[in-house]
Protein chains: 2
Amino acid sequence: MRHGRRRGRLTRVSSTKDKLLDATVETLRTHGIAGVSARTIAATAGVNQALVFYHFGSVDQLLAAACATATAQRVEVFHERFAEVGSLRELLAVGRELHTVERGTGHVAVLAQLLAGAQSDPRLGEATAAALDMWARELETVLDHVLRRTPLAGIADVAGLARAAAAAFIGIELYEGADPQGAGSALDALDQLGAILEAFDDLGPVASRALRAKVRQVTSK
Amino acid sequence: MRHGRRRGRLTRVSSTKDKLLDATVETLRTHGIAGVSARTIAATAGVNQALVFYHFGSVDQLLAAACATATAQRVEVFHERFAEVGSLRELLAVGRELHTVERGTGHVAVLAQLLAGAQSDPRLGEATAAALDMWARELETVLDHVLRRTPLAGIADVAGLARAAAAAFIGIELYEGADPQGAGSALDALDQLGAILEAFDDLGPVASRALRAKVRQVTSK
DNA sequence: GTCTATACATGGATAGAC
DNA sequence: GTCTATCCATGTATAGAC
């Protein structure tokens, strides 16, 4: 938790910079990328509009900064939760929890908005790519641990899976905004997929060997 | 293909309405949801800005209309390709093809932008939900067909899987804009996942039965 | 560091001529 | 149906007082 601190020194109340960073997240959440502006953000923060430019230079750069700090914050929170995960199903359960909790904080939704903005803004592109990478690296560690004692150990494309999972998460979050029911059934289906994959753990050596051969075939293609 | 036609009567050149619809897609692709406006769209279309309001009432409604027509168009194109799919791996191959082709047309990217905008615009929400449903229904049909002769037939949550796949696609498309390499490895991992799932087809009756039991356990939870 | 004031650009939307 | 002209709101960015 890095709130109330700056360069190691305690501050009584949150600084204007912090207020702007928090307000940026909040404004992205409520107004979307199309609705953020120096004025709307400053209004949410309760500070003067000119301070956006004084502290961050431009709205772009404020968005990029908010992306970095918010992501670091949320990843840190879930780092411990991920560490407790021992199986794929448990990982999916934490994923659901993350989905529910982050619905409240809005971090995933905000990341989705920034990612949408990043498609036509290189500066945001860098920031969001870094943010996604932070989540993906976290997932990589967990997946590595989870798959260790399964037939998929050493074969599964863990880095790719981690990124696919992160991307799917973003997509489902966006989906949720448009069609909550549809998004819910998508999450249910992922649970099922997890169950299917876990069923492989109980496989005998023959089936296990066949699986590994098939997966290798695809990977080397 | 519904271009050049309107209410069943041939028209010499594309009408202003069509020009605006096409220009909307193009503008979303290049400027993103944050960069579309009546003026930018009209400029792309080469028509007067006031015509946006004359024909569609507001920018919102133009976006919603463009979402509907563009999606109907692209779904129609891929309908035939989906009909040829006989296995999960083939479906994933078509998915890759769709990903590549739609990178060019930009349809998925546009849908992602609209979805981002939909988070804070109910009118867009309806339009994008309908668009996603069109894709999801298409995928449902294919998945049903693909899973028919596998141990997962009748058990898999096809509707949910279809929606998860659609959501993942959107997410990966956004990912691609920020980090093409990361998105590529995500797609590779999905191929692998397909291979793993297909390996179940070759399973003996005992393992197959165990799998079905495990999946049922999750579904009924 | 923060505020006021201000410049200048862009965007939504409409009225009225053609 | 289309264009010009226009109004007004909003947004970016900076200068200068405090």
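Naming convention: chains lettered A, B, ... in sequence-line order (proteins, then strands); numbering from 1 in each chain.
- Comparing C:dG12, D:dC3, C:dT2 by their nearest atom to the side chain of B:L51 picks out D:dC3.
- In this structure, B:W135 and B:F82 have perpendicular ring planes: the angle between them is above 60°, well past the 30° mark.
- For the pair B:F56 CZ and D:dG1 C1', the computed distance is 13 Å after rounding to whole Å.
- Atom-to-atom, CG of B:D60 to P of C:dG11 comes out at 15 Å; the value is rounded to the nearest Å.
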* Asked: Where do B:H107 and B:Q73 land on the side chain to side chain donor-acceptor pair (under 3.5 Å) test, with the steps shown first?
  -> CA-CA 10 Å; B:H107 172 72; B:Q73 229 172 75; over 6 Å; no
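- Of the candidates D:dC3, C:dT2, C:dA5, C:dT2 carries the atom nearest the A:Y54 side chain, counting heavy atoms from C-beta on.
- Distance NE2 (A:H55) to P (C:dT2): 4 Å, rounded to an integer number of Å.
- Counting only heavy atoms from C-beta on, A:N48 has its side chain closest to C:dC3 among C:dA13, D:dT2, C:dC3.
- Taking 4.0 angstrom as the limit, B:S58 places none of its side-chain polar atoms (N or O) nearer than this to OP1 or OP2 of C:dG12.
- Looking at heavy-atom distances under 4.0 Å, A:A38 makes contact with sugar-phosphate atoms alone, never a base.
- Applying the side chain to side chain contact (heavy atoms under 4.5 Å, CB included) test between A:L28 and each of A:I41, A:L111, A:T40, A:I33 identifies A:I33 as the sole match.
- Residue A:A50 has its side chain nearest to C:dC3 when only C:dC3, C:dG11, D:dT4 are considered.
- B:K19 has its NZ atom 8 Å from the P atom of D:dT2, to the nearest Å.
- The closest donor-acceptor contact from the side chain of A:R29 to the backbone of A:G104 lies under 3.5 Å.
- Applying the 4.0 Å criterion to OP1 and OP2 of C:dT2, one finds that A:T16 has a side-chain N or O inside that range.
- One can place CG of A:L62 at 12 Å from P of D:dA13, the figure rounded to the nearest angstrom.
- At the heavy-atom level, A:V59 lies under 4.0 Å from the strands shown only through sugar-phosphate atoms.
- Following rounding to the nearest Å, B:Q49 (CD) and C:dA13 (P) show an atom-to-atom distance of 10 Å.
- A side-chain donor-acceptor contact under 3.5 Å links B:Q113 to the backbone of A:A116.
- Taking the side chain of A:T40 as heavy atoms from C-beta on, and the options D:dT14, D:dG11, D:dC3, the nearest nucleotide is D:dG11.
- Atom pair B:F53:CZ and D:dT4:C1' shows a separation of 15 Å (rounding to whole Å applied).
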